[in-house]
Structure formats: C-alpha cells, structure tokens
Amino acid sequence: MFSKINEKQAFIDDFTMTAACGILKWVLRTNGKSLQDEVIPSRKEKEEKTAICMSDAKINNHGPARIVPEDIIVTALVACQFHLYNLTHEDEDNLICAGIVDRKHFISDYYRVMHHGAHIQNSDKYVDYCHQLLRKLRRVNPQLDIDGEKNIWISKPRNLSRGRGIRCRNDLKDICSLGREWVVEKYIERPLLIYGSKFDLRQHFLITDWHPLTIWFYKHSFLRFSSQPFTLESLDTATHVCNYAIQKNFKNAPNRHPNLPEENMWHSDEFKEYLCTIGKEQVWDSIIIPGMKKALIQTMKATRENVKYKKNSFELFGSDFLFGENFQPWLLEIQYKPGITKDTSVMWKIVPPMVEDILRVVIDYKDNPNCNVGGFELIYKQANYTGNGILSKEKTFRDLKITTISDP
C-alpha cells in the first residue's frame with residue numbers, strides 16, 4: 001500500500017530481489033537448464049544456445065555493445081545469498097556482503113537484459129551456482145516459480161472495483177511515481193493457461209458469524225477468461241485482467257482457440273470436464289478445492305478481530321484465485337459485496353440457486369442444523385469462543401479434527 005512509507009520501501013526492496021532472482025533464472029534458461037531439470041547440457045548445446053542469444057542481442061540492439069558484463073550475475077548471486085540468509089540464517093560462512101550496493105546500476109543492466117534482449121557475458125560459468133541457490137530459495141519461497149523473470153507488477157487504485165484502473169507495469173520508476181491511493185502486488189507471470197488463455201476463478205463464500213467465526217463455502221464457482229492469447233510481450237489490459245466488466249469491452253481475438261467460450265466464462269463443472277480431457281481430473285479434489293478452502297480460512301482468521309460485526313447479520317464474499325502451472329491456487333483478493341448480475345448464461349446458472357441456498361443457511365439452518373443447505377458447505381467454525389478475543393479451541397470441518405490453540 002503506497003499510502004504507507006515503509007510498505008513502499010518494502011516494495012522497492014522486493015522489486016530488486018525479484019530482479020536478482022530473475023537474473024539467476026535467465027542464466028538457467030539461456031543455458032538450457034531449469035529448476036526441474038537435473039541434466040547439464042553438453043558443451044556443444046551450450047555454445048549453440050549462446051550463439052543464438054548473442055545473435056538475438058545483436059539483432060535487437062544493433063550490435064555487440066548491447067552485451068552486459070557478467071558482474072550482474074555476481075551481484076544477483078550475492079543479493080540472493082544474503083536474502084536466503086535473512087530468511088533462514090543458514091550458510092553464514094558463504095555470506096559475502098549485505099546485498100546490492102548500487103541498485104540503480106543493477107536495475108539498469110537488468111532492464112537491458114529483460115526488456116531489450118541484451119546478452120550476459122560468460123553466463124555458462126554460473127549455471128551450477130544459480131541452480132543451487134535457486135533450489136535453496138525455492139524451499140523457503142513458494143512463489144519463486146510463478147514470479148517469472150520479467151518483474152511484472154499489478155497496480156490497483158485502492159477504492160475502485162470491477163477491474164477499473166488496473167494496469168500491469170514492469171518499470172520501478174514508473175511504479176514508484178504512483179500516488180498514495182495505489183496498491184501494488186506481484187503479477188503471476190507463469191499462470192495455468194487453458195487453451196493458451198489466462199483465466200481466474202471467482203469463488204463465493206458466506207460468513208454467518210464473526211464471533212465465533214463461521215465460514216460457508218459454495219460448491220459452484222465460475223472461471224473468467226481473457227479475450228486475448230496470453231503473452232508477456234505486451235502488458236495490455238485485454239490480455240492480463242480477466243474481470244468480466246473489463247473483458248466485455250474487447251472483441252475476442254480471432255486467433256483464440258475455438259474451444260474457449262464466446263462469453264469468456266465457464267461454470268466450474270466445465271472446468272472439471274476440461275481437467276478430465278487433459279488427464280488431471282484428480283487435481284480438483286486433491287489440490288484446487290483444499291487449497292482454496294485453506295486460503296480462505298486462514299485469511300478470515302487473520303482479519304476477524306478487525307471486523308465491525310452486527311449480530312444476526314451475514315456477508316457474502318467473492319474471492320478471486322489464479323493457479324500456478326502445478327494447479328496450486330493463489331488467492332488474489334476478496335471482494336466485499338461481489339457483483340452477482342446475471343449477464344451471462346453461466347451467471348444465470350449460478351446466481352439464482354446460490355441466493356436461495358443463502359436463505360437456507362441464514363434462516364433454516366439456525367433452527368434446524370440438519371436442514372438442506374443446498375450448495376453450501378460449512379468448512380470452519382470457531383469453537384468455545386470466550387468473547388474476549390481468546391480462543392481455547394478451533395474446529396476445521398475439512399477433517400473434523402479438534403486442535404488446541406496455545407495463543408490468541
């Protein structure tokens with residue numbers, strides 16, 4: 001949140017560290033190695049790959065002057081090593097110094113590589129170092145893979161909704177020029193795609209009480225697609241912001257896959273059918289649903305003491321998720337009073353029964369806990385709430401286990 005000085009500085013530090021990790025990833029990719037790949041390419045393959053990259057640098061930048069010295073790799077390695085030490089306090093003997101001294105120069109060289117196609121000299125010498133360090137960072141940073149290399153961030157006006165004002169940016173000076181009324185978050189550069197297009201998922205859930213916290217999860221959800229094929233070469237809104245209120249203003253790209261919906265929306269049942277066609281039907285119940293429930297429960301637990309709540313009231317929320325290439329769901333944001341306008345065939349299928357099921361939960365369940373609650377599932381209820389902000393126990397309905405809590 002740019003309204004807070006310390007958070008703006010934290011963003012600058014995060015941007016710089018993401019750039020350092022991006023350089024290490026570039027070294028692996030350019031030399032034919034990945035974090036998943038344990039096979040070191042042959043000398044001939046390295047030379048061929050390097051020749052191609054050198055050729056691209058000359059074509060894109062008009063000559064060999066657009067070659068960045070290998071110092072940028074050393075700087076990135078040092079910064080990542082220090083960052084790893086801050087997270088784990090391990091490998092102290094390998095610590096060289098406290099990170100990047102000349103941030104401006106480092107970022108300038110980083111842009112030459114990532115934005116303008118420059119090549120880094122002698123990068124093949126550092127493949128093993130980069131690989132080992134990234135593997136260590138990956139163990140303590142679960143978002144390392146989805147961060148990508150290009151340091152793209154989403155900027156959002158604090159008080160607007162329905163996707164208004166959202167932009168993708170990848171220039172530190174440009175982002176820092178934004179005023180106090182902006183929120184910035186890291187863009188997922190390697191999302192799960194369907195037929196080459198980006199999508200997100202809107203998942204509704206219901207809070208019927210904050211004290212004790214009571215969360216109901218709706219079994220039906222919907223996907224929202226971009227109207228354009230996914231690419232990081234362009235940061236335009238039509239490609240990267242899946243909100244229906246935004247996408248309805250664009251024409252679907254003529255080169256989109258024919259299996260994508262014309263109205264850019266799928267019911268979750270259609271998503272499950274798609275997962276079956278690619279042989280991944282098990283991930284819905286084993287990864288996607290448990291991951292979304294966990295994210296919502298933990299988020300609501302973290303915020304419950306700050307909510308102004310009136311007894312005998314309820315709130316419907318809309319949570320937006322993106323997925324990594326491994327189907328891991330990542331919570332983007334939670335919408336207060338989400339729009340439920342029936343402006344597509346999918347919304348007509350979801351909204352009327354959901355509204356009816358809300359009444360079942362809010363009215364019928366209160367007098368009859370065994371009543372039919374339709375598509376809602378009780379996934380969390382705080383047990384034995386004392387009324388003074390202290391929990392003695394909590395119950396998670398996913399596994400019906402009682403867990404003792406030792407601190408508030």
Does atom [atom1] of [X] have more than 12 heavy-atom neighbours, drawn from other residues, nucleotides or ligands, at distances under 6.0 Å?
| X | atom1 | result |
| --- | --- | --- |
| H115 | NE2 | yes |
| K186 | NZ | yes |
| K311 | NZ | yes |
| K272 | NZ | yes |
| K125 | NZ | yes |
| Y129 | OH | no |

>> What I'd like to find out is whether the side chain of L378 reaches to under 4.5 Å of the side chain of V373, using heavy atoms alone.
In response: no

> I287 versus F323: any side-chain heavy-atom pair under 4.5 Å?
Replying inline: no

> Knowing that exactly one of F317, Y380, Y365 qualifies, which makes a ring-ring contact (aromatic ring centres under 6.0 Å, His included) with W216?
Replying inline: Y365

> Among F199, F222, F225, whose ring-ring contact (aromatic ring centres under 6.0 Å, His included) with W266 holds?
Replying inline: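 The option that passes is F225.
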
Of all the heavy-atom pairs spanning [X] and [Y], show the shortest one and how long it is.
| X | Y | result |
| --- | --- | --- |
| I152 | L232 | CD1-CD2, 3.7 Å |
| L28 | L134 | CD1-CD1, 3.7 Å |
| L192 | G324 | CB-O, 3.4 Å |
| P338 | R202 | CB-NH1, 3.5 Å |
| H267 | K349 | CD2-CD, 3.7 Å |

Whether the side chain of [X] engages the backbone of [Y] through a donor-acceptor N/O pair (distance < 3.5 Å, no angle test) should be reported.
| X | Y | answer |
| --- | --- | --- |
| R256 | E262 | no |
| Q247 | V241 | yes |
| N264 | S227 | no |
| T277 | Y274 | yes |
| K301 | L213 | no |
| N151 | F15 | yes |
| T214 | P212 | yes |
| S155 | R167 | yes |
| N31 | V27 | yes |
| S226 | A238 | yes |

>> Just verifying a value: how many Å separate Y187 OH and W153 CH2, rounded to the nearest 0.5 Å?
In response: 14.0 Å

> Looking at CD1 of I67 and NE2 of H119, how far apart are the two atoms once the value is rounded to the nearest 0.5 Å?
Replying inline: 7.0 Å

>> Would R169 pass as a cation-pi partner of W182, given that its NZ or CZ must be under 6.0 Å from the six-membered ring centre and within 45 degrees of the axis?
In response: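 Output yes; distance and angle both within limits.
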
> How far apart are the C-alpha atoms of T239 and D236, what are their side-chain angles, what is the distance that settles it, and do they pass the side chain to side chain donor-acceptor pair (under 3.5 Å) test?
Replying inline: CA-CA 6 Å; T239 300; D236 62 279; 3.0 Å; yes

> Would E325 and R190 satisfy salt bridge (charged side-chain N to carboxylate O under 4.0 Å, His left out), going step by step from the backbone distance to the final call?
Replying inline: CA-CA 7 Å; E325 294 169 335; R190 295 180 57 183; 2.8 Å; yes

> Would I334 and Y336 satisfy side chain to side chain contact (heavy atoms under 4.5 Å, CB included), going step by step from the backbone distance to the final call?
Replying inline: CA-CA 7 Å; I334 294 177; Y336 175 67; over 6 Å; no

> Which is it for D13 and Q9 under the side chain to side chain donor-acceptor pair (under 3.5 Å) test, yes or no, and what are the steps along the way?
Replying inline: CA-CA 6 Å; D13 295 340; Q9 182 58 49; 3.1 Å; yes

> Are E377 and K219 close enough for a salt bridge, meaning some N to O gap below 4.0 Å?
Replying inline: no

> If you measure from the Lys or Arg side-chain nitrogens to the Asp or Glu carboxylate oxygens, is any gap between K150 and E189 under 4.0 Å?
Replying inline: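 Not counted as a salt bridge, because no side-chain N and carboxylate O are separated by less than 4.0 Å.
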
> What do the steps show when you test R304 against D209 for salt bridge (charged side-chain N to carboxylate O under 4.0 Å, His left out), and what is the final call?
Replying inline: CA-CA 10 Å; R304 61 188 162 194; D209 205 330; over 6 Å; no

>> Suppose we call two aromatic rings close when their centres sit under 6.0 Å apart. Are F230 and H240 close by that rule?
In response: yes

